[in-house]
Asks: 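Structure below; questions to follow.
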Amino acid sequence: MSADEHVKAQLTPQGKFALLLILCMLPTFGIFLFFDQPELGLGTCESIGVLLIALRATWTSVVTSKPAIRGHSKTGQRDWPKS
């Protein structure tokens with residue numbers, strides 16, 4: 001057996017987050033389908049997606065103590081050199 005046969009597929013953090021998004025949206029959309037309101041369910045799923053993406057960006061910057069948006073920090077200084 002070669003070394004390539006023992007390689008296992010691993011889920012990246014981005015893949016885990018995408019899976020979390022889908023798992024949060026499907027039951028929500030299913031509830032609105034049950035009540036015959038698919039348009040409202042689609043809008044709700046989009047809102048949940050945007051909210052989770054914003055929370056992940058904020059949480060990542062808090063945990064790593066790096067700004068989520070490049071160039072913004074608590075001291076007001078740019079985090080990359082001027083060109």
Side-chain angles (χ1 to χ4, degrees):
M1 291 190 167
S2 65
D4 293 335
E5 293 176 11
H6 295 289
V7 175
K8 292 183 180 179
Q10 292 184 349
L11 199 55
T12 63
Q14 294 83 8
K16 289 178 184 177
F17 182 69
L19 185 62
L20 176 69
L21 279 174
I22 292 169
L23 290 176
C24 288
M25 290 180 187
L26 282 178
T28 304
F29 188 67
I31 290 170
F32 284 100
L33 278 179
F34 178 76
F35 291 114
D36 292 328
Q37 295 287 328
E39 302 87 12
L40 189 59
L42 187 60
T44 304
C45 287
E46 290 173 358
S47 299
I48 290 172
V50 169
L51 177 67
L52 288 176
I53 290 170
L55 286 173
R56 182 173 189 251
T58 304
W59 179 255
T60 301
S61 67
V62 169
V63 170
T64 61
S65 70
K66 294 180 181 176
I69 301 173
R70 189 168 191 185
H72 299 278
S73 64
K74 293 179 184 175
T75 61
Q77 300 295 320
R78 293 163 49 136
D79 62 345
W80 73 92
K82 288 185 178 181
S83 51

Asks: Rounded to the nearest 0.5 Å, what separates atom CG in Leu21 from atom CG in Leu26?
Replies: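 Answer rounded to 0.5 Å: 10.5 Å.
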
Asks: To the nearest 0.5 angstrom, please state how far the CD atom of Gln14 sits from the CZ atom of Arg56.
Replies: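 Rounded to the nearest 0.5 Å, the CD-CZ separation comes out at 5.5 Å.
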
Asks: Calculate, to the nearest 0.5 Å, the distance between atoms OG1 and CG belonging to Thr12 and Leu19 respectively.
Replies: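 Spacing of OG1 (Thr12) from CG (Leu19) equals 10.5 Å.
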
Asks: Work out which heavy atom in Pro38 is nearest to a heavy atom in Leu33; give both atom names and the distance.
Replies: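 The answer is CB-CD2, 3.7 Å.
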
Asks: Enter the distance from Thr28:OG1 to Ile48:CD1 here, rounded to the nearest 0.5 Å.
Replies: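 The OG1 atom of Thr28 sits 3.5 Å away from the CD1 atom of Ile48.
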
Asks: Leu42 versus Phe32: any side-chain heavy-atom pair under 4.5 Å?
Replies: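 Heavy-atom side-chain distance check fails, nothing below 4.5 Å.
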
Asks: Is it the case that one hydrophobic cluster holds both Leu11 and Leu23, taking links as side-chain heavy atoms less than 4.5 Å apart, direct or via other members?
Replies: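 In one cluster with Leu11: Leu23, yes.
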
Asks: What heavy-atom pair brings Gly41 and Phe29 nearest, and what distance separates the two atoms?
Replies: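 Heavy atoms of Gly41 and Phe29 come nearest at C-CD1, 3.7 Å.
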
Asks: Is Ile31 reachable from Phe34 through a run of I, L, V, M, F, W or Y residues, each pair having side-chain heavy atoms under 4.5 Å apart?
Replies: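 Yes, it is one cluster - the side chains of Phe34 and Ile31 are joined through contacts under 4.5 Å.
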
